[in-house]
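Quick note on labels: first sequence line is chain A, next is B, and so on, each numbered from 1.
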There are 2 protein chains.
Amino acid sequence: MVTTATDVAPPGNPYRDGCPSRRILDRIGDRWTVLVVGALGDGSVRFSELLRRVEGISQKMLTQTLRGLERDGLVARTVFPEVPVRVEYRLTHAGRTLREPLTALREWAVAHLGEVSTSQAAYDTGA
Amino acid sequence: MVTTATDVAPPGNPYRDGCPSRRILDRIGDRWTVLVVGALGDGSVRFSELLRRVEGISQKMLTQTLRGLERDGLVARTVFPEVPVRVEYRLTHAGRTLREPLTALREWAVAHLGEVSTSQAAYDTGA
DNA sequence: CGGAATCCATGTGGATACTG
DNA sequence: CAGTATCCACATGGATTCCG
């Protein structure tokens, strides 16, 4: 059987060039989305708290990532007009559905860390 | 309860700055890895066939993605010294374990395509 | 056929400074 | 506190050309 991009996957086919599902995969595939979604967890989390939870993320990237997720309807942003201002983020229902696949990914990464590192070392030595 | 990056996740903590699991997530988070792994499926696939299956990928990027996966021990490369040369790629056992979480991701993307697009349109209109 | 090498445009993201 | 704005360095990745 000869398989092509046309029939290798169901409708909403990310293998197709123009398919919008590509864009979604691209967004998930940025440096921080996976971690930010994970860091949000079940609760409402403040901006500064997220900044602390996701080590190494800059304030600019956290803002940008949150805006993207908000635009996608995956994160809700609430401003409490106190002084000083308090802003909390939490996953929407749709956002929570994303947690499962992303958690699986993170767990895969952690579980196969050693295996992958070993393989890399062997490859670099000149396999 | 106050949660920090230190206790928000188990050992091999991708939320920690220097953790190697970060690198793995970064690799998965490139433009093509998810699609290439999916396109490999169960079988042995030729380079040119992959190029056709994953629409829009350039030859350079396919090569680069495959090299990365090979280095990680997720893909095996076999050269058949015929004329002209034939090269086939297939997922290793470790590579196949990655398929499940990635498939879940792709399916999430396809399933939530409409929802996300609608939200984006609303956001852009000025929500 | 399956690359490797090169060149170059663009995007991503970090550092810093400033604001409501 | 939670951003916004700017500048800039580097990585990503596309197009093209050449090779075993």
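Remark: T92(B) pairs with no residue by the side chain to side chain donor-acceptor pair (under 3.5 Å) rule, at least two apart or across chains. Residues passing the side chain to side chain donor-acceptor pair (under 3.5 Å) test with R22(B), sequence neighbours excluded: none.
Residue Y89(B) is in sugar-phosphate contact alone, with no base atom involved, counting any heavy-atom pair closer than 4.0 Å across all strands shown.
Atom CZ in R27(B) sits roughly 16 Å away from atom P in dA11(D) (whole-Å rounding). Across the protein-nucleic acid pair, W32(B) atom CH2 and dG14(D) atom C1' stand 10 Å apart, rounded to whole Å. Regarding L51(A), its CG atom lies at a distance of 12 Å from the P atom of dA15(C), rounded to whole Å. Note: CD1 (I57(B)) to P (dG13(D)) measures 9 Å, nearest angstrom. For the pair L50(B) CG and dC1(C) P, the interatomic distance rounds to 14 Å; values are reported in whole Å. Rounded to a whole Å, the CZ atom of R86(B) is 9 Å from the P atom of dG2(C). At whole-Å resolution of the value, CZ in R22(B) and P in dG13(C) are 12 Å apart. Rounded to an integer number of Å, the gap from CZ of R31(B) to C1' of dT10(C) is 11 Å.
Among residue pairs with one or both ends in residues 113-122 of chain A, those qualifying as side chain to side chain donor-acceptor pair (under 3.5 Å) are Q120(A)-D72(B); sequence neighbours excluded. A ring pair (Phe, Tyr, Trp, His ring centres under 6.0 Å) check over residues 86-109 of chain B, counting only residues at least two apart or in different chains, returns the pairs W108(B)-H112(B). The list of salt bridge (charged side-chain N to carboxylate O under 4.0 Å, His left out) pairs with a residue in residues 90-106 of chain B, not counting sequence neighbours, reads D42(B)-R99(B).
Nearer to the 5' terminus of DNA chain C, by closest-nucleotide assignment, is the contact made by M61(A) (compared with the other of V85(A) and M61(A)).
Using a distance-only test at 3.5 Å, with no hydrogens or angles considered, a donor-acceptor pair links the side chain of T97(B) to the main chain of A94(B).
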Kindly give the atom pairs (protein nitrogen or oxygen, nucleotide nitrogen or oxygen) under 3.5 Å for nucleotides 4-7 of chain D.
{"residue": "dT4(D)", "atom": "O4", "partner": "Q59(A)", "partner atom": "OE1", "Å": "2.8"}

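The side chain of S58(A) places no N or O atom within less than 4.0 Å of a non-bridging phosphate oxygen (OP1 or OP2) of dA15(C). Contact annotation: R46(A) does not reach the phosphate of dC1(D) (side-chain N/O to OP1 or OP2, under 4.0 Å). At the phosphate of dC1(C), neither OP1 nor OP2 sits under 4.0 Å from any side-chain N or O atom of S48(B).
Checked against I57(A) for a side chain to side chain contact (heavy atoms under 4.5 Å, CB included), the options L35(A), L50(A), T63(A), V36(A) give a single hit: V36(A).
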